[in-house]
Novice: 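Below you'll find the structure I mean.
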There are 2 protein chains.
Amino acid sequence: MTKTTLKDIAKALNTTIATVSRALHDKPEISDSMKNRVKEVANLYSYKPNATALSLKFQKSYRIGVIFPKLSHYYVTQILSGMLIEAGKNGYKMLIAESNYNQFKELEYIKEFYELNVDAILILPSRKLSLVKDKLENLIRDDIPFLIIDRIIKFDQKTVPSIASDDYGGTTEGIKHLIDNGYKKIAHLRGEESSTLANVRYYAYRDCLLKNNMELNPDWVILCNKFNKAEGEALAIRLMSLENRPDAIFCISDVVAVGVLSGLKKAGIRVPEDVAVLGFSNSDLAEVCYPTLSSIHQPGVAIGKKSIRLLLSNINMKKNISRENIVMKTKVIVRESTSRIALSGTNSFRT
Amino acid sequence: MTKTTLKDIAKALNTTIATVSRALHDKPEISDSMKNRVKEVANLYSYKPNATALSLKFQKSYRIGVIFPKLSHYYVTQILSGMLIEAGKNGYKMLIAESNYNQFKELEYIKEFYELNVDAILILPSRKLSLVKDKLENLIRDDIPFLIIDRIIKFDQKTVPSIASDDYGGTTEGIKHLIDNGYKKIAHLRGEESSTLANVRYYAYRDCLLKNNMELNPDWVILCNKFNKAEGEALAIRLMSLENRPDAIFCISDVVAVGVLSGLKKAGIRVPEDVAVLGFSNSDLAEVCYPTLSSIHQPGVAIGKKSIRLLLSNINMKKNISRENIVMKTKVIVRESTSRIALSGTNSFRT
DNA sequence: TTGTATGCGTTATCAA
DNA sequence: TTGATAACGCATACAA
């Protein structure tokens, strides 16, 4: 019941562990008869090499550490699933840690992963990780690939690779979709100004409105900070109580958008006839709310897979990836909440 | 930049690794002056013991492997979060694997985790894992704790501990809630008959109806096999086309329930006035759909925490846990979909 | 073709 | 109080 080692097999065959090891590796110098005997016994004992010993020997753990803010976000689970698929294919296992948006925990987990000899570290940083940028920069080692997902952090000395979805492009496409559908007064519930993520989406929104000579009303741009349904609900009601009401609301997240839908319903406003609502992320919520929510799809699974491939290109082929800043294509998924002409079916694209 | 080892420190101080090791461990035999010198250098080099070497030495990895069918299910993320919290507190890291409901992958991952010398294995099995029960039983080792979550599998020889939510109790409470609210004809969209999980919920439904002298109509019990929104939608419409229509629908999952809501809407039926809808799991969907969905809360986070505590009681205190079959309390969360008298606010219980 | 010995980084046992 | 060395399990350079 306890694990069998080379020593056990050697003892059983009255030979040495070196011979056993070589036989199992099919080294040419070992005689066929010995190979057969060794393999038979190994099979009988269902021998498996001890991964820890191999780790120590080769200074390689076949483990990848990943840190994320919150597991219960659909987008995070999509990214992780992508990672698991690609890592699995290549014989790697994933070690996980949840930071709960706490930048100090993030630093702590990075340290821990290094101590655990992971072969690479992936992080979906919280917004606040930038606040401890210097500490982070000091922590990051050059000999182990480190990849930042979904955000970009600029360091003074180091260049660290990143991968993210094309939020600027996606937002642009989304706003254009609203314009194309005849919406003229587009509001935006945005994230905090210290968030590069929120800023990119806001800039895209602003640029697209300007380019199309649309009204850009400061009253229509409101900061979120809770990012929950209740906040979306309250802000929707606030927008609707304006003298000059918007006729479309672009939301920083699907959860906020769902809150907006609920707020509009309470205010007796029809979606999409009176007001359109556009979410961000294309989470699983978008298909279950009513009306179904148009949203900008972020390719979570693809990002996860690509992350691992990028890391492995460094680990296996020594490719220098430190200057890679990969941007993955987004896509507007049109559902009921922005379609004045009723849709026949729901679009269920999701990859 | 490369990791410093005991050897590096020993060399720097012109002593041996044995002394350095002892000094760092504050062994009484080491002189204070030596201790101080060692610690200073260790600090300077920011020495951290190599976890892999310790693993090999102590045959203990401080790693726990967990296998689940699909990460993107809210309930799974809750369980994992609970595990991460409790594991983190005790210095353990989690290795994860996604089986995609494939029983062969589940067996494969169990094998891999053993080879990786995890200190324990946790599994949220797919329904089909029971089909390869014999192989599973052969695979499970007695020297490493193995815990089955959310299902119960009976083996011929072994007894394996389990932890699950009290689905029978939760369902009973849920059906009683429907009865108390004046619903008289309660339908059930259930899971497949080969699933113990689905059966427990069905038995509770049936027993509760019988005990309360309610109509138990075979036409009102329908098997799901896709468990998605479309299926819920179709089955709702089918139920509503019956001569003898139910006035409440208890669903095997929240996703199915959301589909039912949508189907009822299409059929022009009001919820909860005409028909009540009750989900299962209390996922994040329940609060965002319209109307908001009453659902039976499964304490995912608590289950995750408890799992780890149970394992650690075996690992650290050698407690025999093989006969533990823990059942965690469920709770009906009442929202709009079952409340004929309108609720003032939404109930946001979730832990 | 096979055996011996070394090292990966630690801790622990035995000597000094 | 400190040093030398074995052991954890494995692969491999070197000897035989």
Novice: Kindly give the heavy-atom pair with the smallest separation between B:Lys305 and B:Gly82, and that separation in Å.
Specialist: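 What the structure gives for the nearest pair is CG-O, 3.4 Å.
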Novice: Using only heavy-atom distances, determine whether the side chains of B:Thr19 and B:Thr16 contain a donor-acceptor pair under 3.5 Å.
Specialist: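 Indeed, the side chains of B:Thr19 and B:Thr16 share at least one donor-acceptor pair under 3.5 Å.
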Novice: On the nucleotide C:dA12, are OP1 or OP2 found under 4.0 Å from the side-chain N or O atoms that B:Lys27 carries?
Specialist: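 For B:Lys27, the contact criterion (side-chain N or O under 4.0 Å from OP1 or OP2 of C:dA12) is met.
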Novice: Expressed in angstrom and rounded to an integer, what is the separation of A:Glu29 atom CD from D:dA16 atom P?
Specialist: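 So the CD-P distance, A:Glu29 to D:dA16, works out to 17 Å.
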Novice: Would you say NZ of B:Lys135 has more than 12 non-hydrogen atoms from neighbouring residues, nucleotides or ligands within 6.0 angstrom?
Specialist: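 Counting neighbours around NZ of B:Lys135, 12 or fewer heavy atoms of other residues, nucleotides or ligands fall under 6.0 Å, so no.
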Novice: Please say which of B:Ile153, B:Ile149, B:Leu129 ends up in a side-chain contact (heavy atoms from CB on, under 4.5 Å) with B:Ile123.
Specialist: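 By the side-chain contact (heavy atoms from CB on, under 4.5 Å) criterion, B:Ile123 pairs with just one of B:Ile153, B:Ile149, B:Leu129: B:Leu129.
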Novice: Please state whether the phosphate of D:dC8, meaning OP1 or OP2, lies under 4.0 angstrom from any side-chain nitrogen or oxygen of A:Lys7.
Specialist: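 Looking at the OP1 and OP2 atoms of D:dC8, one of them is under 4.0 Å from a side-chain N or O of A:Lys7.
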Novice: Would you please confirm or rule out a distance under 4.0 Å between OP1 or OP2 of C:dG9 and any side-chain N or O of B:Thr5?
Specialist: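 No, outside the criterion.
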Novice: Could you say whether B:Met34 or B:Ala53 is positioned toward the 5' end of DNA chain D, judged by the nucleotide with the nearest heavy atom to each?
Specialist: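 Its nearest nucleotide lies further toward 5', so the answer is B:Met34.
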Novice: Phosphate oxygens OP1/OP2 of D:dG3: is one of them under 4.0 Å from a side-chain N or O of B:Thr19?
Specialist: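 So the side chain of B:Thr19 is within the cut-off, an N or O lying under 4.0 Å from OP1 or OP2 of D:dG3.
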Novice: How many Å lie between CD1 on B:Ile17 and P on D:dA7, as a whole number?
Specialist: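 Computing the B:Ile17:CD1 to D:dA7:P distance gives 15 Å.
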Novice: Side chain of B:Thr16: nearest nucleotide among D:dT1, C:dT10, D:dG3?
Specialist: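 The closest nucleotide is D:dG3.
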Novice: Just how far, in rounded Å, is C1' of C:dA12 from CG of B:Leu54?
Specialist: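 Whole-Å distance recorded here is 13 Å.
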Novice: Rounded to whole angstrom units, what separation is found between the OH atom of B:Tyr45 and the P atom of C:dG9?
Specialist: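 For the pair B:Tyr45 OH and C:dG9 P, the rounded distance is 15 Å.
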Novice: NE2 of B:His25 versus C1' of C:dA12: gap in Å, rounded?
Specialist: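 Rounding to the nearest Å, NE2 of B:His25 and C1' of C:dA12 are 11 Å apart.
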Novice: Under 4.0 Å between a side-chain N or O of A:Ser31 and OP1 or OP2 of C:dT2?
Specialist: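 Indeed, a polar side-chain atom of A:Ser31 lies that close.
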Novice: Quick one: B:Glu115 CD to D:dG9 C1', roughly how many Å, whole number?
Specialist: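 So the two atoms are 14 Å apart, to the nearest Å.
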Novice: Is it the case that D:dA7 (base atoms only) and B:Lys57 (side chain only) share a donor and an acceptor within less than 3.5 Å, ignoring hydrogens and angles?
Specialist: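 Yes, a donor-acceptor pair under 3.5 Å.
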Novice: Roughly how many Å is it from CZ in A:Phe58 to C1' in C:dG7, rounded to a whole number?
Specialist: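 Distance, rounded to whole Å: 12 Å.
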Novice: Students often get this wrong, so: under 4.0 angstrom with heavy atoms, is B:Lys35 touching a base, only sugar-phosphate, or nothing?
Specialist: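 Touches nothing.
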Novice: Taking only side-chain N and O atoms of A:Ser21, does any of them lie within less than 4.0 angstrom of OP1 or OP2 on D:dA11?
Specialist: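 The answer is yes; a side-chain N or O of A:Ser21 sits under 4.0 Å from OP1 or OP2.
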Novice: Looking only at side-chain N and O atoms, does B:Thr15 come under 4.0 Å of OP1 or OP2 in D:dG3?
Specialist: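 B:Thr15 to D:dG3 OP1/OP2: side-chain N or O found under 4.0 Å.
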Novice: Considering just the side-chain nitrogens and oxygens of A:Gln59, establish if one lies under 4.0 Å of OP1 or OP2 belonging to C:dG7.
Specialist: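 The answer is no; no side-chain N or O of A:Gln59 sits under 4.0 Å from OP1 or OP2.
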Novice: What nucleotide among D:dT2, C:dG9, D:dT12 has an atom nearest to a side-chain atom of A:Leu56?
Specialist: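 Side chain of A:Leu56 sits closest to C:dG9.
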Novice: Report the distance from atom CG of A:Leu13 to atom C1' of C:dT2, rounded to the nearest whole Å.
Specialist: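 It works out to 13 Å between those atoms.
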Novice: Among D:dA4, D:dC14, C:dT10, which nucleotide has an atom closest to any side-chain atom of B:Arg22?
Specialist: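 Given the options D:dA4, D:dC14, C:dT10, the side chain of B:Arg22 is closest to D:dA4.
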Novice: Using a 6.0 Å distance limit plus a 45 degree cone around the ring axis, check whether A:Lys93 lies over the aromatic ring of B:Phe113.
Specialist: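 Here A:Lys93 passes the 6.0 Å and 45° test against B:Phe113.
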Novice: Dump the intermediate steps for side chain to side chain contact (heavy atoms under 4.5 Å, CB included) on A:Tyr75 and A:Ser165, then the final yes or no.
Specialist: CA-CA 11 Å; A:Tyr75 181 49; A:Ser165 62; 4.1 Å; yes
